Number of protein chains: 2
Amino acid sequence: MSHHKIEYEDLMHRHGLRVTPQRLTILDAVCDVGGHATLGAIYRTAKLADPAISRSTIYRTLEVFCEIGLVTSAEIGEDGKVYEIVEAHPHHHLVCQVCGEIQQIPDEIMQPTFDRIKQAFGFDVETSHLVLSGTCRNCRGSISCE
Amino acid sequence: MSHHKIEYEDLMHRHGLRVTPQRLTILDAVCDVGGHATLGAIYRTAKLADPAISRSTIYRTLEVFCEIGLVTSAEIGEDGKVYEIVEAHPHHHLVCQVCGEIQQIPDEIMQPTFDRIKQAFGFDVETSHLVLSGTCRNCRGSISCE
DNA sequence: GTTTATGCAAAGGTTTTGCAAGTGG
DNA sequence: CCACTTGCAAAACCTTTGCATAAAC
């Protein structure tokens, strides 16, 4: 998770930000938690690496990371805001309302629709991180899931 | 806004809920506020009709309305959760990040994509109220918008 | 050295909860 | 009447903010 550390540091420098141990810790934490990291989860994970880290630092740092495009945030269901490292390939998420499983889908699958919206309404969709809820394959088949 | 009052009352009854003045007031308020009603706006509007109504009642009532499918909620931008009466025709929203304008689009435009997701991933999308952000026609053309 | 970032603690705001009183069916 | 709802007040929760200290550059 750290092969790209240099890139990240570069990105911060280019934005006039300082590279602090806390910021690297938080970045690692977002990676470690994986796909949909709530602030609480990031805080807990970062706390393992640096027990002295403070909650406000997490808030401020995530805000800064979002601003420079290192991280995106999205609102998913009931858990409040979640954070995710921005990857090369934009993608979206399917959240199963029955079992809670989350899977990713490539952005390409949405593009035809986004194109159609652009044609019909002149609206340029920039949603980088869409969350679709519904029922996944497993839960759709079996009733024993509920 | 009250031609369907009977239907709403029926729906509540069918769910074993009681029809109280407060609930009707809140339902009216959600209608009056229109498309994207924040809790605060609903509270303020309901307060006009019934100055004694309490905030917790708004919270609890909206939660109940969501459960029985009378109302949907969605997270839009920075304003937190917004509520909306469930209408016959499902639709989604385009939120312009520049001017903040919100427009509705019919659900049909999304269906091809939802179908494709179902085919490819076996995932049955049930999102009734999607929020797409981007740039609207006006703001895309002119820079003078900001 | 300067400027920026951090940690702490306190403030701010929103949402939830327990309970007695009130009300719909 | 009984069960469900309400309003109130307090609690719980999450997020933001001010400021002195510490660290990056």
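Note that the structure is a prediction, hence the values are computed from the model and not measured. Every chain is numbered from 1 and lettered A, B, ... according to where its sequence line falls, protein lines coming before strand lines.
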Side chain [X], main chain [Y], donor-acceptor under 3.5 Å:
| X | Y | value |
| --- | --- | --- |
| R23(A) | T61(A) | no |
| R55(B) | Y43(B) | no |
| K118(A) | G122(A) | no |
| T57(B) | I53(B) | no |

V64(A) side chain reached by R60(A) side chain, heavy atoms, under 4.5 Å: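 A side-chain contact is absent here, since even the closest heavy-atom pair is not under 4.5 Å.
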Any Q22(A) side-chain nitrogen or oxygen under 4.0 Å from OP1 or OP2 of dG7(C):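 For dG7(C), OP1 or OP2 has a side-chain N or O of Q22(A) closer than 4.0 Å.
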Nearest-0.5 Å distance that lies between atom CG in L39(B) and atom OG in S73(B):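 The OG atom of S73(B) is 11.0 Å from CG of L39(B), to the nearest 0.5 Å.
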Tell me: [atom1] of [X] to [atom2] of [N], nearest whole Å?
| X | N | atom1 | atom2 | result |
| --- | --- | --- | --- | --- |
| L24(A) | dT6(C) | CG | C1' | 14 Å |
| I58(B) | dG7(D) | CD1 | P | 8 Å |
| I53(B) | dT6(D) | CD1 | C1' | 9 Å |
| H15(A) | dT3(C) | NE2 | C1' | 19 Å |
| R44(B) | dT14(C) | CZ | C1' | 13 Å |
| F65(B) | dT5(D) | CZ | P | 11 Å |
| E9(B) | dC4(D) | CD | P | 19 Å |
| Y43(A) | dC13(D) | OH | C1' | 14 Å |

Base-contact (B) and sugar-phosphate-only (S) positions in nucleotides 15-22 of chain D, heavy-atom cut-off under 4.0 Å, - elsewhere: BBBB----
Short side-chain donor-acceptor distance under 3.5 Å, E84(B) and H91(B):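 Indeed, the side chains of H91(B) and E84(B) share at least one donor-acceptor pair under 3.5 Å.
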Nearest heavy atoms of F123(B) and V95(A), plus distance in Å: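 Reported closest heavy-atom pair: CZ-O, 3.4 Å.
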For C66(B) against T72(B), the heavy-atom pair lying closest together: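 So the two residues come closest at SG-C, 4.3 Å.
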Polar atom pairs (N or O), protein with nucleotides 23-25 of chain C, under 3.5 Å:
residue	atom	partner	partner atom	Å
dG24(C)	O3'	V19(B)	O	3.4
dG24(C)	N2	R18(B)	NH1	3.1
dG24(C)	N2	R18(B)	NH2	3.0
dG24(C)	N3	R18(B)	NH1	3.3
dG25(C)	OP1	H13(B)	NE2	3.3
dG25(C)	OP1	V19(B)	N	3.4

